Amino acid sequence: MSEALIQLKAGTESQPLFLAHGMGGSVDESRDLVKFIQTERSICGLQARGNDGVEKPFDRIEDSAQYFLDAIKKAQPAGPYFLLGYSLGGLVALEMAQQLASQGQTIGLLAMLESYPHPTQLALGQRIRLALRMKRRALRAVPDPSKPRLSASVRNTDFGLEGRSHTLPVTERAYKSAYNEWTHYQPRFYEGKIHFVRAAISTIYPDDPIAVWSRLARELEVVTVPGDHHGILAEHYEILGSMLSGYLRDADPTRTP
């Protein structure tokens, strides 16, 4: 199996579920979730190029999508394809679906978990709404002067890494590249259906995925699971796994009503 594909769970079906990584570039964040996805399909994680610290990571989602598709087609030459992505991985899965559809391939499932375009790609009203919520969030987070503060050497508040060399720590390089991918990606209208899973607790992302994605997809279904952006995967993976299991059962072309 290609280094881009890592089998997370064995299965008997010939068409696996392909799970795209989040901002960290590693499939490890999904291992707890995978245990609770009930399916006869094998589950393959898509791991970012450069996660080994040797190859250079991609800076464009389009390139990551093509990289994964080259590997996927060796394992599964024809559709339908079943795609799932968390956070940045949702955008990667969307781009893979776009490229596959343009080649005449069928998408059996496209599920995006807490995946949003960069704020610069949002409509003006959505940007304003997000900015106001972030301002309120910042005001609530004013530090208590009686509590110790992190030193400047510990804080990491931006991705200002442009002047650094290729010897950056692996995780730092991965996050920088992932951030560049997120910043520059412009989602196109998708002619298929998106299953979108949103977190019940809004953080730094839009709180209304319908407003974001309904104008970018022919069909959109949104469900809510407990937790925040990170918690749905780190804490509420059992509930999320049950939800995704249902998606896969409903998408099974051999399933009888």
Side-chain angles (χ1 to χ4, degrees), residues 1-13 15-53 57 64 68 71-72 75-76 81-94 96-97 108-116 169-172 174-175 177-179 181-182 194-205 209 221-252:
M1 184 171 288
S2 165
E3 292 182 358
L5 302 184
I6 297 178
Q7 183 169 288
L8 301 176
K9 191 174 186 179
T12 57
E13 292 287 334
Q15 298 152 342
L17 170 65
F18 296 102
L19 194 164
H21 62 81
M23 290 288 283
S26 172
V27 300
D28 287 340
E29 65 189 0
S30 302
R31 291 189 184 274
D32 286 333
L33 170 64
V34 165
K35 296 174 185 176
F36 292 94
I37 299 178
Q38 301 300 314
T39 178
E40 295 300 317
R41 302 181 187 280
S42 60
I43 301 178
C44 296
L46 305 178
Q47 185 141 286
R49 191 180 77 167
N51 216 53
D52 57 2
S64 286
F68 290 137
I72 285 172
Q76 183 189 334
Y81 291 95
F82 296 80
L83 308 173
L84 166 66
Y86 164 69
S87 190
L88 179 73
L91 300 180
V92 175
L94 171 62
M96 288 194 293
L109 175 70
L110 172 59
M112 300 170 64
L113 316 180
E114 272 284 287
S115 301
Y116 296 95
V170 176
T171 53
E172 197 174 22
Y175 273 105
S177 295
Y179 186 79
E181 288 186 297
W182 183 46
I194 295 176
H195 291 272
F196 193 96
V197 179
R198 68 178 291 272
I201 302 172
S202 300
T203 52
I204 63 171
Y205 301 99
E221 177 182 310
V222 177
V223 296
T224 303
V225 295
D228 60 16
H229 182 78
H230 297 287
I232 64 169
L233 208 62
E235 302 169 14
H236 301 283
Y237 43 79
E238 186 170 357
I239 295 173
L240 182 57
S242 177
M243 184 79 64
L244 297 173
S245 300
Y247 285 166
L248 288 166
R249 285 194 299 272
D250 292 344
D252 187 348

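Worth saying up front: this structure is predicted, and the values here are computed from it rather than measured. Quick note: residue numbers are just sequence positions, from 1. Note that these values count all heavy atoms, side chains included, but never hydrogens, waters or copies made by symmetry.
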(request) Considering non-hydrogen atoms only, spot the tightest contact between K9 and I37 and give its length. (result) NZ-O, 2.6 Å
(message) If we ignore hydrogens and angles and just use 3.5 Å, is the side chain of Q38 paired with the main-chain N or O of S245 as donor and acceptor?
(response) no
(request) Take atom NE2 of H230 as the centre, draw a 6.0 Å sphere, and report whether it contains more than 12 heavy atoms from other residues, nucleotides or ligands. (result) no
(request) Working to the nearest 0.5 Å, report the span between OG of S87 and CG of L233. (result) 9.5 Å
(message) So does G22 get a backbone contact from the side chain of E29, meaning a donor-acceptor N/O pair under 3.5 Å?
(response) yes
(request) Output the distance between atom CZ (F36) and atom CD1 (I239), rounded to the nearest 0.5 Å. (result) 10.5 Å
(message) Looking at Q15, is its backbone amide N or carbonyl O close enough to the side chain of R41 to form a donor-acceptor pair, meaning the two atoms are under 3.5 Å apart?
(response) yes
(request) Quick one: pull up CZ in F68 and NE2 in H21 and give me the separation to the nearest 0.5 Å. (result) 4.0 Å
(message) I want to check something: taking the side chain as every heavy atom from C-beta on, are I72 and L5 in contact at a cut-off of under 4.5 Å?
(response) yes
(message) Check this for me: E221, atom CD, are more than 12 non-hydrogen atoms of other residues, nucleotides or ligands nearer than 6.0 Å?
(response) yes
(message) So does L113 get a backbone contact from the side chain of S115, meaning a donor-acceptor N/O pair under 3.5 Å?
(response) yes
(message) To the closest 0.5 Å, what do you measure between CD1 (I232) and CG (L240)?
(response) 5.5 Å
(request) Any chance you could measure Q47, atom CD, to D28, atom CG, to the nearest 0.5 Å? (result) 6.5 Å
(request) Determine the interplanar angle of the Y205 and Y116 rings, folded into 0 to 90°, and report it as parallel if under 30°, tilted if 30 to 60°, perpendicular if over 60°. (result) parallel
